[in-house]
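Structure record follows, encoded as C-alpha cells.
A quick note: this is a predicted structure, and the numbers were derived from the prediction, not measured.
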Protein chains: 2
Amino acid sequence: MGKGEATRERILEVAEAAVLAKGFGATSIEEVIAEAGLTKSGFFYHFRDKNALAREMVRRYVDTNDRLFDEIFERGRQLSDDPLQAFLISLKLLAEVMADLPNGHPGCLIASICYQERLFDREVRDLTAQSVRDWNARFRGIFEGIAAVYPPKEAVDLDDLADMLSCIVDGAIILSKTLNDPRRLERQILIFRSCVKLMFSGPALS
Amino acid sequence: MGKGEATRERILEVAEAAVLAKGFGATSIEEVIAEAGLTKSGFFYHFRDKNALAREMVRRYVDTNDRLFDEIFERGRQLSDDPLQAFLISLKLLAEVMADLPNGHPGCLIASICYQERLFDREVRDLTAQSVRDWNARFRGIFEGIAAVYPPKEAVDLDDLADMLSCIVDGAIILSKTLNDPRRLERQILIFRSCVKLMFSGPALS
DNA sequence: GAAAAACTGTACTCGCGGTACGGATTGCTG
DNA sequence: CAGCAATCCGTACCGCGAGTACAGTTTTTC
C-alpha cells in the first residue's frame with residue numbers, strides 16, 4: 001500500500017465518523033483535514049471535490065459491511081447444516097457484534113445519505129440503492145434456502161422478510177442513537193430472530 | 001389564529017420539507033424564506049435563530065404524529081373490542097395511510113435529526129428522545145392489553161416489541177426513500193402485522 | 001383611530017466552504 | 001545517485017449564508 005493510499009484511508013475514516021455525527025452537508029472539509037493531519041491542498045489532491053469523497057466513502061462502507069456479512073453468515077453455515085439454524089446462529093452473532101461496538105453503532109452511512117439525498121449526485125444515490133438491493137438479495141437467498149426446508153406458516157413474502165432485516169437494523173440504529181442506549185440494537189436483532197423462528201419453525205397454523 | 005401564527009406554520013412546513021430532503025445543516029434560511037414568501041427580517045421576527053426553528057419543527061412534527069396515532073389506534077378500538085384485533089386493524093389503517101401519501105413518505109424528522117445530532121442543542125435532542133420514549137410507551141400499553149388476553153408464545157419482551165414498530169417504520173422509510181419505492185413502507189408494516197399475529201394468536205409453541 | 005403585531009428594506013460583519021495554482025518534499029526507479 | 005512522478009504544502013482568493021442592527025411600513029386587533 002502506497003503512502004497516498006494510507007492517507008486516503010485516513011481521510012475516509014475521519015470523514016465517515018464526522019458525516020455520521022453531523023451529516024454530510026455540515027461536515028466541513030477543514031475539520032476533516034485537521035483531524036486527518038493534512039492540508040486542504042492535500043485533500044483536494046486525493047479527492048476532486050466533496051462528491052468524490054462521498055462516492056469513496058460509500059464504496060468503503062459497502063465493502064466493509066459486505067465483508068462483515070460474508071464472515072457472519074459463512075460462520076453460521078459452518079456451525080450448522082440446517083439452513084434455519086445456521087441463520088439463527090448468524091443473527092445471534094450479528095447481535096453480538098453490534099453489542100460489542102465500543103460506543104454503540106456509529107450509524108448507517110446509507111441512512112445518513114438517504115436523509116440528505118439532494119446533496120448528492122446520481123452516482124452516489126445509485127450506489128446506495130444498489131447496495132441495499134444487494135444486501136436484500138443476499139438475505140432473500142438465505143430465506144429461500146430456509147423456506148425450502150421449512151415451509152413458512154403464514155403467506156409471507158420472502159422479499160419483504162429480507163427487507164425487514166435491513167429495516168430492523170437501520171431502525172434500531174436510529175433508536176439506539178436517539179435514546180443513547182446501544183443495547184437496543186442488539187435486542188431488536190434478537191426479537192427479529194424470534195420472529196423468524198416463529199415463522200419457520202413453529203407448528204403449522206390453521 | 002393570528003396572521004403571525006399562520007406565517008410561522010408556513011415557515012415550519014417549508015423548512016421541514018427542506019430538512020427532510022437535504023438535512024438541517026444544508027438547509028439555508030434564505031431558501032426557506034424564498035419559498036415561504038417572506039424576508040429575512042420576517043423570519044428572525046418569528047425565530048430567534050436556527051436552533052429555535054429546529055425546536056418548533058420537532059414540536060410540530062411530534063404533535064402531528066401524536067394526533068395521527070391517536071386517531072388510528074382509537075379507530076381500531078372502535079372497530080373491535082378485542083385488543084389484538086383492534087391493533088391489527090390499526091396496523092392495517094397505518095399501512096394504508098402510509099401508502100396513500102402522494103409522493104411516498106417524506107421522511108422521519110427524528111431520524112433526520114438523529115443523523116445530525118451534533119448540530120443541535122440539548123433541548124432539541126431531549127425533545128426527540130422524549131418523543132420516541134412516548135411513542136414506545138404508547139405501543140407498550142397496547143401490547144400489555146393484548147398480552148393480558150393472549151399470552152405470548154415466546155418469551156418476548158413487550159418493550160422490545162414496542163420498539164420494534166418504531167424501528168420497522170423508520171427503517172422502511174429509509175428503504176423506500178433509498179430505493180424510490182413507496183410501497184415498501186406499506187409492506188413492512190403489514191409484515192410486522194403478521195409477526196404480531198403469529199406471536200399472540202398462533203397456537204402454543206413447544 | 002391608536003396601539004401593538006407583523007412584517008419590509010438595507011446595509012453590514014464575519015466565518016467558512018470551496019477553488020486555484022505554484023512550489024516544496026518525498027519516494028520510487030533505473 | 002539522478003531524475004521523475006507521486007504526494008503534499010502555502011497562500012491567496014471568491015462567494016455564500018448565518019446573524020445583527022435598525023429604521024420604516026403595513027396590517028391586525030381592540
Side-chain angles (χ1 to χ4, degrees), chain A residues 1-57 60 112-113 115-121 123-124, chain B residues 1-58 60 112-113 115-124:
Chain A
M1 177 165 72
K3 194 191 174 195
E5 208 167 330
T7 304
R8 281 165 56 93
E9 188 66 18
R10 215 169 60 244
I11 293 174
L12 288 172
E13 193 177 331
V14 170
E16 183 178 315
V19 167
L20 289 177
K22 30 201 287 192
F24 187 76
T27 294
S28 72
I29 295 180
E30 300 224 338
E31 68 170 318
V32 170
I33 62 178
E35 187 144 351
L38 80 168
T39 65
K40 204 181 266 192
S41 316
F43 174 88
F44 282 102
Y45 171 77
H46 288 287
F47 303 96
R48 183 192 215 114
D49 53 20
K50 229 182 162 192
N51 246 307
L53 173 69
R55 271 196 302 274
E56 294 309 312
M57 277 178 53
R60 196 182 97 105
S112 174
I113 288 174
Y115 273 108
Q116 305 176 5
E117 35 166 1
R118 286 288 142 75
L119 300 184
F120 303 92
D121 54 29
E123 198 177 342
V124 171
Chain B
M1 177 166 71
K3 193 193 175 196
E5 208 166 330
T7 303
R8 281 165 56 94
E9 188 66 19
R10 213 170 61 242
I11 294 174
L12 289 172
E13 193 176 332
V14 170
E16 183 178 314
V19 167
L20 289 178
K22 29 202 284 192
F24 186 77
T27 296
S28 72
I29 293 181
E30 301 225 337
E31 67 169 319
V32 170
I33 61 178
E35 186 144 352
L38 80 169
T39 65
K40 201 183 265 192
S41 316
F43 175 87
F44 282 103
Y45 173 78
H46 288 287
F47 302 97
R48 180 190 218 115
D49 54 21
K50 227 182 164 191
N51 246 306
L53 173 68
R55 271 198 302 275
E56 294 309 312
M57 276 179 54
V58 176
R60 196 183 97 105
S112 174
I113 289 174
Y115 273 108
Q116 307 178 13
E117 36 166 1
R118 287 286 141 75
L119 299 184
F120 302 92
D121 54 28
R122 165 160 276 128
E123 198 177 344
V124 171

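For D/dG10, its base never sits under 3.5 Å from the side chain of A/Thr39 at any donor and acceptor pair. Interface remark: the A/Lys40 side chain does not form any donor-acceptor pair with the D/dG10 base, using a distance-only criterion of under 3.5 Å.
Residue contacts shown for A/Thr27 are absent, as no nucleic acid heavy atom lies under 4.0 Å away.
Checked by atom type and distance alone, the side chain of B/Asn51 never pairs as donor or acceptor with a backbone atom of B/Ala54 at under 3.5 Å. With hydrogens and angles disregarded, a donor-acceptor distance shorter than 3.5 Å links the side chain of B/Gln116 to the backbone of B/Phe24.
Atoms CZ (A/Phe47) and P (C/dG18) sit 14 Å apart, rounded to a whole Å. Atom CZ of B/Arg48 and atom C1' of D/dG19 are 13 Å apart (whole Å). The distance from atom CZ of B/Arg10 to atom P of C/dA6 is 13 Å, rounded to the nearest whole Å. Separating the CD atom of A/Glu5 from the C1' atom of C/dG27 is a distance of 15 Å, rounded to the nearest angstrom. Rounded to a whole Å, the CZ atom of B/Phe43 is 11 Å from the C1' atom of D/dG19. The CG-P distance, from A/Leu53 to C/dG18, rounds to 10 Å in whole Å. At whole-Å resolution of the value, OH in A/Tyr45 and P in D/dT7 are 4 Å apart. Put simply, CD on A/Glu30 is 17 Å from P on D/dC13, counting in whole angstrom units.
With rounding to the nearest 0.5 angstrom, the CD1 atom of B/Ile29 is 7.0 Å from the NZ atom of B/Lys40.
A sub-4.0 Å separation between OP1 or OP2 of C/dT10 and a side-chain N or O of B/Ser41 is absent. One finds a side-chain N or O of A/Thr7 lying less than 4.0 angstrom from the OP1 or OP2 phosphate oxygen of D/dC8. Of the side-chain N and O atoms in A/His46, none sit less than 4.0 angstrom from OP1 or OP2 of D/dT7.
Among the nucleotides C/dT19, C/dC7, D/dG19, the one closest to the side chain of B/Leu38 is C/dC7.
Taking every heavy atom of both residues into account, A/Phe43 and A/Leu38 meet most closely at N-CD1, 3.8 Å.
Salt bridge A/Lys22/A/Glu31: present, at least one basic N to carboxylate O contact under 4.0 Å.
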